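This report concerns only the one structure given below.
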Amino acid sequence: MSNKPVLHYFSGRGKMESIRWGLAAVGVEFEEKLFETKDEYQKLLKSGDLLFQQVPMVEIDGMKLVQTKAILSYIAGKYNIYGKNTKERACIDMYVEGTTDLMGLIMTSFILDEAEKRKEWDLIKQRALNRYFPVYEKALEKNEYLVGKTLSLADVHLLEAILATEELHPDVLQNFPNLQVNKLVSL
Ligand SMILES: N[C@@H](CCC(=O)N[C@@H](CS)C(=O)NCC(=O)O)C(=O)O
């Protein structure tokens with residue numbers, strides 16, 4: 001039997017995407033069981049493996065983990081991209097929550113009708129430019145990485161958020177030179 005983590009989710013990016021990025025960043029191969037139909041989802045629900053009847057769920061190290069944050073913390077802790085001490089970990093969590101909020105806006109925008117979606121994408125641009133990216137730009141003044149001198153979960157999550165924002169607004173990084181460098185070193 002393979003020891004690779006097994007990721008259970010809908011066939012889409014959604015909340016599982018940051019887990020995929022996290023595993024890829026630390027070089028861990030994984031398998032995916034993506035359900036395409038309601039029946040497949042119902043089967044997983046009935047199995048009792050989803051603690052809160054929700055996905056993402058990840059089978060890893062003999063556990064069936066749910067809750068995106070818990071799964072990401074486990075991966076980051078296990079593969080040493082979660083800071084050197086509790087203060088660094090708190091900073092990483094803080095930065096990750098910021099990018100999670102931005103990603104939340106992006107994810108939910110895709111269920112809106114066309115007119116609402118355009119408005120939401122404008123809001124996302126404003127939030128990225130005025131609320132989120134300036135914080136990361138400042139944090140990157142002294143180092144290429146957000147926390148400490150090495151890649152952490154905060155950089156991986158930021159990269160996902162940058163790329164997702166650029167899909168909507170390709171020029172969004174133009175006034176953020178430090179973010180441009182961070183994006184390159186995190187890829
Ligand atoms: N707090 C959970 C939320 C998970 C969540 O909302 N999952 C959605 C899919 S993205 C789901 O399973 N929805 C079905 C439901 O809530 O019944 C996490 O971050 O993992």
Side-chain angles (χ1 to χ4, degrees), residues 4-26 28-79 81-83 86 88-114 116-117 119-121 123-124 127-128 131-132 135-136 146-147 151-168 186:
K4 291 179 190 168
V6 183
L7 279 46
H8 298 262
Y9 200 61
F10 302 105
S11 181
R13 285 192 256 180
K15 287 178 180 289
M16 189 61 100
E17 194 66 2
S18 52
I19 296 166
R20 297 184 183 106
W21 277 92
L23 288 168
V26 293
V28 173
E29 287 184 22
F30 52 87
E31 289 171 11
E32 298 216 57
K33 291 201 176 153
L34 305 174
F35 33 88
E36 312 266 355
T37 64
K38 267 196 174 155
D39 278 357
E40 288 170 324
Y41 178 49
Q42 287 301 329
K43 206 171 148 199
L44 184 60
L45 272 176
K46 283 199 188 116
S47 72
D49 287 340
L50 305 179
L51 198 60
F52 301 110
Q53 295 110 48
Q54 289 177 318
V55 285
M57 189 271 275
V58 174
E59 293 182 64
I60 184 167
D61 297 337
M63 299 180 288
K64 290 179 174 160
L65 289 182
V66 294
Q67 292 293 358
T68 313
K69 221 164 144 177
I71 298 166
L72 279 175
S73 300
Y74 182 74
I75 293 165
K78 177 170 178 177
Y79 294 101
I81 55 165
Y82 211 8
T86 47
E88 285 196 357
R89 186 168 290 205
C91 288
I92 291 168
D93 284 341
M94 212 164 53
Y95 292 138
V96 168
E97 286 309 299
T99 36
T100 301
D101 289 346
L102 180 59
M103 285 303 300
L105 290 176
I106 295 173
M107 277 183 227
T108 50
S109 74
F110 286 96
I111 58 172
L112 300 172
D113 66 44
E114 210 48 43
E116 288 298 314
K117 195 189 287 176
K119 266 199 247 163
E120 193 66 5
W121 286 359
L123 173 72
I124 288 163
R127 286 281 161 82
R131 181 178 294 186
Y132 296 107
V135 171
Y136 301 114
L146 280 171
V147 178
L151 183 94
S152 76
L153 182 64
D155 303 294
V156 180
H157 215 258
L158 176 59
L159 177 61
E160 185 196 347
I162 288 173
L163 294 175
T165 311
E166 284 182 330
E167 278 183 41
L168 310 180
S186 302

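Not measured: the values here are computed from a predicted model. First listed ligand is number 1; within each ligand, the first listed atom is number 1. Quick note: numbers below take in every heavy atom, side chains included, and nothing from hydrogens, waters or symmetry partners.
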Report the C-alpha distance between Arg20 and Glu17 in whole Å, list the side-chain angles of each, state the deciding distance to 0.1 Å, and finish with yes or no for salt bridge (Lys or Arg N to Asp or Glu O under 4.0 Å). CA-CA 5 Å; Arg20 297 184 183 106; Glu17 194 66 2; 2.7 Å; yes
Using heavy atoms and a threshold below 4.0 Å, how should the contact between Gln67 and ligand 1 be classified: side chain, backbone, both, or neither? both
Give the single entry among Val55, Thr68, Leu50 that approaches atom 4 (C) of ligand 1 most closely by any heavy atom. Val55
Starting from atom 14 (C) of ligand 1, find the nearest protein heavy-atom neighbour and note its residue, name and distance. Tyr41 OH, 3.4 Å
Would you indicate whether Lys119, at its atom NZ, is surrounded by more than 12 heavy atoms from other residues, nucleotides or ligands within a distance under 6.0 Å? no
Say whether Tyr9 and ligand 1 are in contact under the criterion: heavy-atom distance to a ligand atom below 4.0 Å. yes
Are the charged groups of Glu97 and Lys69 less than 4.0 angstrom apart, N to O? yes
Could you tell me whether the side chains of Asp61 and Tyr74 share a donor-acceptor contact shorter than 3.5 Å? yes
Between Phe10 and ligand 1, which residue portion shows a heavy-atom distance shorter than 4.0 Å: side chain, backbone, both, or neither? side chain
Just let me know how Lys69 lines up against ligand 1, side chain, backbone, both or neither, with a heavy-atom cut-off below 4.0 Å. neither
Within the 4.5 Å heavy-atom criterion, are Val58 and Val66 side-chain neighbours or not? no
Is ligand 1 less than 4.0 angstrom away from at least one heavy atom of Pro56? yes
Could you check whether Phe35 and Tyr9 have their ring centres less than 6.0 Å apart? no
SB check Glu120 Lys117 (cutoff 4.0 Å): no
Among all protein heavy atoms, pick out the one at the shortest distance from atom 6 (O) of ligand 1; state its residue, atom name and that distance to 0.1 Å. Gln54 NE2, 3.4 Å
Identity and separation of the nearest protein heavy atom to atom 17 (O) of ligand 1: Gln53 O, 3.8 Å
